[in-house]
Amino acid sequence: MATDNWQKQAKENQKAYKRILEKGNKNKMLKALPVLHEEAFSKIDCLSCANCCKNYSPRFKTPDIKRIAKRLKIKEGDLVAQYLRLDNEGDYVVKQTPCPFLGADNYCSIYEDRPSDCHRYPYTDEDVFLKRVSLTLKNTTVCPAAFEVMQKLVEIG
């Protein structure tokens, strides 16, 4: 799958995606998500992409900050001061992109202790994928797995 191709297709399909997410059979789609998630991630290697880490930030919630500071052997306040900022919604996010914990090889240096948003991204096996329409629409243009799942949901209706 050519990178430009799926992203272009995702942008072109935003209206169709929105229509399915808002008017599609929620129960049918929710039942299909676990299988679609597995299919997508059996084909897509996150390490060859890392668009999420290169372009966006997860929210760093208090438990995430505690866990990551402990892993890095620094104070929570130092972690916040060095790497994080408050966004418009009052959430801690990384100061800059790509994520400072992302290596040149697309491996995450804090992977085992990464924020829960990172662990859950792109939410393709959760009801969040159906409920948070604007987030899902954005994710289909960032993550090839989200794009794949959305394409299949359109077919399911």
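- Among residue pairs with one or both ends in residues 95-105, none qualify as side chain to side chain donor-acceptor pair (under 3.5 Å); sequence neighbours excluded.
- Under the side-chain contact (heavy atoms from CB on, under 4.5 Å) criterion, F41 pairs with H37, C46, P122, T124, A145, not counting sequence neighbours.
- In the hydrophobic clustering (ILVMFWY side chains linked at under 4.5 Å, chained through shared members), V93 stands by itself.
- When all heavy atoms of A40 and V149 are compared, the pair lying nearest together is CB-CG2, 3.9 Å.
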Stepwise side chain to side chain contact (heavy atoms under 4.5 Å, CB included) check, T136 with V133: CA-CA 5 Å; T136 296; V133 175; 5.8 Å; no
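- Between the side chains of T140 and Q14, at least one donor N or O sits under 3.5 Å from an acceptor N or O.
- Q9 and Y17 make their closest contact through O-OH, 4.4 Å (heavy atoms, listed as atom of the first residue, atom of the second, distance).
- Every residue meeting the side-chain contact (heavy atoms from CB on, under 4.5 Å) condition with Y121, not counting sequence neighbours, appears here in chain and number order: C52, Y123, N139, V142, C143.
- Linking Ile, Leu, Val, Met, Phe, Trp and Tyr whenever their side-chain heavy atoms come within less than 4.5 Å puts V154 and W6 in one cluster.
- Sorted by first then second residue, the salt bridge (charged side-chain N to carboxylate O under 4.0 Å, His left out) pairs that include residues 40-57, not counting sequence neighbours, are K43-E148.
- For the pair K18 and L137, the tightest heavy-atom approach, listed with the atom from each and the gap, is N-CD2, 3.8 Å.
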Audit row: T62, E76, side chain to side chain contact (heavy atoms under 4.5 Å, CB included) steps and yes/no: CA-CA 9 Å; T62 302; E76 292 166 28; 5.5 Å; no
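- Each salt bridge (charged side-chain N to carboxylate O under 4.0 Å, His left out) pair with one or both residues in residues 114-136, not counting sequence neighbours, appears once here: R59-D117, R120-E126, D127-K131.
- The hydrophobic cluster of L102 has no other members, since no ILVMFWY side-chain heavy atom comes under 4.5 Å of it.
- Through side-chain heavy atoms spaced under 4.5 Å, either directly or across other Ile, Leu, Val, Met, Phe, Trp or Tyr residues, Y107 is tied to L47.
- If you chain together ILVMFWY residues whose side-chain heavy atoms come under 4.5 Å of each other, I68 ends up grouped with F60, I65, L72, I74, L79, V80, Y83, L84, L86, Y92, V94, F101, I110.
- Applying the salt bridge (charged side-chain N to carboxylate O under 4.0 Å, His left out) definition to pairs two or more places apart or across chains, none involves residues 81-90.
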Residues R67, D64; criterion salt bridge (charged side-chain N to carboxylate O under 4.0 Å, His left out); working and verdict: CA-CA 5 Å; R67 196 174 55 252; D64 301 322; 2.7 Å; yes
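- Scored by the side-chain contact (heavy atoms from CB on, under 4.5 Å) test, E155 finds K152 as partners (sequence neighbours excluded).
- K26 NZ: more than 12 foreign heavy atoms inside a 6.0 Å radius.
- Residues that satisfy the side-chain contact (heavy atoms from CB on, under 4.5 Å) test with E112, not counting sequence neighbours, are R71.
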